[in-house]
Amino acid sequence: RNGEEGRSLRARSFGPAAGLWRANLREASGGRLAAAMEITTVYQKERREFGRPVGHFATVSPVDLGGFDTAPTKREDYIERNPSSLAVQAVPEQSEHQVNTERFKYTSVGMFHQEGGWPKDVDSTEKEQTTRYRKKVEKDEEYIRQVKALGEVIEGPIMQNIAVDIYEEYFQGEYADHSTEPPSAKTLSVFKDPNETKRSVSSISWYPDGGKKLAVAFSTLQFQDWRQEAMSNKSYIWDVNNPNAPDQALYHELVTTRLPQRLTSQPNPLLSTPPQRCVCHQELAPSSPLNCLQYNPKDPNLLVSGAYNGLVQCWDTRRGEAPVETSIIEKSHRDPVYDVWWLQGKTAYECASTSTDGQVLWWDIRKLAEPAEQLSLDDKGAAPGAGPMGGVSLEYSTAGGKFLVGTEQGKVIACNRKAKNPSDRVGTIYEGHCGPVYALARNPFFPKYFMTVGDWTVRLWNEDIKTPVMTSNYAKDYILDATWSPTRPGVFATTKMDGTLDVWDYFYKQNEPALSLQVDGDGLARVKMQEAGRWVAAGSVDGSVYMLELCDGLSQMQQNEKQGVSHMLDRESKREKNLEARAKELRARELRAKGQAKEEGAEAAVPWEERRKEVEAEFWRLTGLTGPEGVTGEGIEPSEKSSETAEQ
């Protein structure tokens, strides 16, 4: 029976194909297999029925598991709850436990090794005795054994230091790709002129060590402006890293919207709303409004400024709001000082200034009474008797005595302080703009290229070429200032008279700015980037200073950017050189043609009196009349007459 069940099970598991196979096998064997054993095939369930879910449940009768004895006496200890709800979860219960491991206390232990331990009979100050004793010890076998033992101990840490460089920079040279993100900027702070009579922002200078302070000069350059008598002469320094915490030395009542607080015991009349706890760090009180102001890059406590009355002043923030040194007015500029620069040299006390009086003066702030040297900005190609060109902007970022001066005539002068001949100190003159050159800046990555701002354009120059390498499209409003990015060679920012801040990115496009923001309703007069390239300070003509933060795409160096910008500038320089050479060739050809025509005309020329007589005689001959002097035209050979002369 067990054999029959096994055969039946195998047949069921194989299915209909197994039965058909066995039937064919019987036919093929001629019935020999049937004679040996009897095979039966039983199909109880088809293959597709296996694994089908159960669709119904059977109903069964309840089963009595037993009874419980009642305890009527315990009923009084309980209160019946009606209705009663009981929740049951069909998952295992879990619990969470926390275990705090044993805490270890770490202590720093150091060792200071100092040479010593010499025997009493050895004087450590005598080199001969110490050398003799050291050689004696080194020959001892115990000394050699101790050195070998210590060498095995220290060998492991030494090998670890060699194998692992703890100062290795794993992500050096990698650049984040910001080309897909749109350029953007956001306003962080707004600093306003606290005076009732608003003045224009004339200069902005960042603190050289991290940009935690911002020095701003205010003035009005309009001559005989009605605001001159009413406006204040003060300029201010703000602490931008901690704008919400006031300086302890300043008055406790503060101005809203980040206004600087003056050093006074009187209440501020501008406080019409609750204060916002924003304050300036320090104020500067000159005798005349400041037109330019700059931090000393080597000593952040020192500032140099140029005033409206032509004076050059030096400030020390540690010594209050008054200048520590001031030039003598007889030895100073005769016009307002428009720009001032610290010089790169061995000392941190030399600076240079320029003005519209046509002079560049060099100063030493340790003796600021009179200038150390001066230069007159004379135009060699001007007509005799023409005065010097007035300086409006100055660029003195390179060492070696070479600098650039932008003039109010629209020209840029390349000067060299250390020229051998005094006449060579004024070098190449670049014909720049239709108006004053308001801004002048060298590229921090490629000093050979510099940027100028004037009229309605921004122009990029190569100091080896007299024509601009690249020129922007003409804007609808005046462009007043520009500054390069310290972190990206192809990025610079410009300000316009309509209050727009434009950020250009020459690495991606040159025809239009990458970002244009309407920062102020009035014009933006000044712009300056912080040394990290992240913050931008823009000053308006109404006395407001906006501090903006640029996105990563405009402040962080892109991959292969420096190389790409260098190739672009070289390509444009070569193109401009080719165009300049072609223009020279055409001018030379034109001059040769004019000279040749003049020579040919001189050879073929006939005296006018002789030609006039021939024309008159021909006229009277053709008309048959007699002239006023009896000239009839007879007696003149036809061969002597030229048809061209008769026609003339």
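Because the structure is predicted, anything quoted here is derived from the model rather than measured.
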Exercise. Within a radius of less than 6.0 Å around OH of Tyr430, do more than 12 heavy atoms belonging to other residues, nucleotides or ligands occur?
Worked result: yes
Exercise. Is Lys298 atom NZ crowded by more than 12 heavy atoms from other residues, nucleotides or ligands, each under 6.0 Å away?
Worked result: yes
Exercise. Is a side-chain N or O of Trp342 found less than 3.5 angstrom from the main chain of Gln294, in a donor-acceptor match?
Worked result: yes
For this session: State which residues pass ring-ring contact (aromatic ring centres under 6.0 Å, His included) with Trp341; sequence neighbours excluded, sorted by chain then number.
Result: none
Exercise. So, Arg575 and Glu580, do they make that salt bridge, N to O below 4.0 Å?
Worked result: no
Problem set entry | Donor-acceptor side-chain pairing of Arg199 and Ser219 below 3.5 angstrom | no
Exercise. Going by atom types alone, do Asn462 and Ser573 pair a side-chain donor with an acceptor below 3.5 Å?
Worked result: yes
Exercise. Phe403 and Trp362: ring pair (Phe, Tyr, Trp, His ring centres under 6.0 Å), yes or no, with the steps?
Worked result: CA-CA 12 Å; Phe403 61 97; Trp362 286 270; 5.7 Å; yes
Problem set entry | Between Thr356 and Glu408: side-chain donor-acceptor atoms closer than 3.5 Å | no
Seminar exercise, completed: Tyr295 meets the ring-ring contact (aromatic ring centres under 6.0 Å, His included) criterion, sequence neighbours left out, with Tyr207
Problem set entry | Of all pairs that satisfy salt bridge (charged side-chain N to carboxylate O under 4.0 Å, His left out), the ones with a partner from residues 494-509, not counting sequence neighbours | Arg488-Asp505, Lys496-Asp502, Lys509-Glu512
Exercise. Taking Ser305 for the side chain and Cys292 for the main chain, is one N or O donor matched with an acceptor at less than 3.5 Å?
Worked result: no
For this session: Taking atom types as modelled, find out whether Asp455 and Tyr478 have a side-chain donor-acceptor pair closer than 3.5 angstrom.
Result: no
For this session: Tell me, with the steps shown, if Trp315 and Val304 meet side-chain contact (heavy atoms from CB on, under 4.5 Å).
Result: CA-CA 6 Å; Trp315 309 79; Val304 66; over 6 Å; no
Exercise. Within the distance-only criterion (no hydrogens, no angle test), does the side chain of Ser327 pair as donor or acceptor with the backbone N or O of Val312 below 3.5 angstrom?
Worked result: yes
Exercise. If only atom types and distance count, is the side chain of Asp357 paired as donor or acceptor with the main-chain N or O of Arg334 below 3.5 Å?
Worked result: yes
Problem set entry | Tyr449-Trp461 aromatic ring centre distance below 6.0 Å | no
Problem set entry | Point-to-point distance, once rounded to the nearest 0.5 Å, from NZ of Lys411 to CD of Glu431 | 4.5 Å
